[in-house]
Amino acid sequence: MKFVDEFRDAQLGRVLAGEILGVLEAGRHYKVMEVCGGHTHSIYKYGIDGLLPSNVELVHGPGCPVCVIPMGRVDDGIAVAMREGVIFTCFGDMLRVPGSRYTLLDAKARGADVRMVYSPLDALRIARENPGREVVFFAIGSETTAPSTALTLKRAKAEGVENFSCVCNHVTIVPPLRALLESPDLRLDGFIGPGHVCTVVGARPFEFIAADYRRPVVISGFEPVDVLQSILMVLRQLREGRCEVENQYRRVVAREGNLRALEVMAEVFELRAHFEWRGLGFISQSALALSDAYREFDAEKRFEVPGVRVADPKACQCGEVLKGVIKPWECKVFGTACTPEHAIGTCMVSPEGACAAYYNFGRLAREREAV
Ligand code: SF4
């Protein structure tokens, strides 16, 4: 297939849904986790869950980068943004993520110079244009976005841009998956692997899931036909008693990943000893900090940040949603006190968040589950 409409072909989707029915074992309930928020978005946008039989349950994973940012990190960002002379830059979704008292958008309304950017290179350009100001980039995302931050920092260093720094919140996806697999709360039969992350790290880092935990993994693309085919491939492995890492997204993902991107990341970043994930707690070696060679660009070193841990609001059940323990609509404040316009939790902010995807596209799925 060459064109995007072929990956959205409804007839092909129905054929795949029929093949899924053909590989299921009678009386068995299947739980398949889609790790990445991009897949969650596709599943609800295209009604993929509506094509599946009721004994195939999709469980949403912790792969939405905005959703996993804890309140304390938002507070740290706001503390930097409120400083005199600082221009604070971040991606658009981040502006609306609640901290313990307010959001970065509220900080902007209170006078902080907070600007939305589409790329860390935009933030670097702002630094060049404002040599008398400190320009800070609030970096979020997993291995998908970390290379662009790394390349921007390399460029800042090469150009000697001294008024640029970065609050590094980049996370790595494998440690939380291991934590989920160790969790007694959750029985998962297989995984839809995060296609975007794998374009950088390759398929190899996910091989432990098959080898150590005997669960199939299929690295998947993001179009509806991709996702349906990947679900079929997971279920077929279960039917045949196989546990392997298969690559449905071969048009993009290589087993070894993007070696040049990995090389730049290794130069600019090092693993943090531990990092707090929203709802999942502290996980060892699950995030990146700037390496010694790039320490001068570390905003956490350049400015004083509170660095305190803030508990989530009592009503918020993002942790359970991110672990796949509850469905978004089972949270007590879903769609009432918590909506995309007025989010209490992070999962309602980004379009990749499970609650936002469910809110925007999931009405039919909810009705189906209620029957
Ligand atoms: S509805 Fe809001 S508070 Fe509840 S889990 Fe979703 S984002 Fe979190």
Side-chain angles (χ1 to χ4, degrees), residues 31 33-45 48-49 57-75 77-78 90-106 138 140-142 169 171 173 176-177 179-180 183 185-186 188 275-283 309-370:
K31 274 187 166 186
M33 174 174 274
E34 87 274 4
V35 174
C36 178
H39 287 136
T40 308
H41 181 82
S42 291
I43 285 163
Y44 289 111
K45 180 174 179 184
I48 291 170
D49 59 321
E57 181 183 350
L58 296 175
V59 179
H60 323 305
C64 158
V66 172
C67 304
V68 300
I69 296 288
M71 279 190 162
R73 297 295 290 184
V74 180
D75 284 0
I78 291 172
C90 61
F91 296 138
D93 286 345
M94 205 53 234
L95 289 171
R96 294 186 298 116
V97 176
S100 64
R101 287 183 301 140
Y102 49 86
T103 64
L104 280 160
L105 205 55
D106 297 326
F138 195 75
I140 62 161
S142 57
N169 302 289
V171 292
I173 198 71
L177 286 185
L180 284 175
S183 165
D185 294 351
L186 205 58
L188 293 169
F275 189 77
E276 186 187 1
W277 289 59
R278 193 179 178 105
L280 306 182
F282 284 90
I283 302 178
R309 189 173 181 215
V310 182
D312 289 338
K314 280 206 172 63
C316 172
Q317 290 185 273
C318 290
E320 283 98 320
V321 170
L322 286 167
K323 284 187 278 193
V325 175
I326 64 167
K327 294 282 188 267
W329 60 271
E330 290 173 316
C331 173
K332 290 184 193 67
V333 292
F334 175 86
T336 53
C338 188
T339 63
E341 290 75 30
H342 299 285
I344 291 178
T346 49
C347 304
M348 194 58 100
V349 175
S350 164
E352 293 195 1
C355 294
Y358 229 92
Y359 185 89
N360 291 324
F361 305 113
R363 185 175 54 84
L364 292 176
R366 197 174 70 209
E367 284 170 359
R368 191 170 68 100
E369 286 184 37

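Just so you know, these numbers come straight off a predicted model, no measurement behind them. Every number for a ligand or one of its atoms is a count from 1 in the order of the listing.
Each of the atoms 5 (S) of ligand 1 lies under 4.0 Å from some heavy atom of Val321. Which parts of ligand 1 touch Val333 is read off a 4.0 Å heavy-atom cut-off, strictly below it: atoms 3 (S), 4 (Fe). Of all atoms in ligand 1, listed by their number and element, those nearer than 4.0 Å to a heavy atom of Met348 are 7 (S).
Taking the side chain as every heavy atom from C-beta outward, Thr103 and Val74 never approach each other to under 4.5 Å. Residues Arg73 and Phe275 have side chains in contact (heavy-atom distance under 4.5 Å, counting atoms from C-beta outward). Using a 4.5 Å heavy-atom cutoff, the side chains of Phe361 and Ile43 are not in contact.
Looking at Asp93, its side chain never comes within 3.5 Å of a backbone N or O of Ser350 through a donor-acceptor pair.
Heavy atoms of Cys347 found under 4.0 angstrom from ligand 1 belong to the backbone as well as the side chain.
Expressed to the nearest 0.5 Å, how far OG1 of Thr40 lies from CG of Leu58 amounts to 9.0 Å.
Contact annotation: Cys318 places no N, O or S atom under 2.8 Å from atom 2 (Fe) of ligand 1. Residue Cys331 counts as close to atom 4 (Fe) of ligand 1, with an N, O or S atom under 2.8 Å.
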Verdict with reasoning, Ile78 to Leu104, per side-chain contact (heavy atoms from CB on, under 4.5 Å): CA-CA 6 Å; Ile78 291 172; Leu104 280 160; 3.8 Å; yes
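Nearest protein neighbour of atom 2 (Fe) of ligand 1, counting heavy atoms only, is Cys338 SG, 2.4 Å. What sits closest to atom 6 (Fe) of ligand 1 on the protein, heavy atoms only, is Cys355 SG, 2.3 Å.
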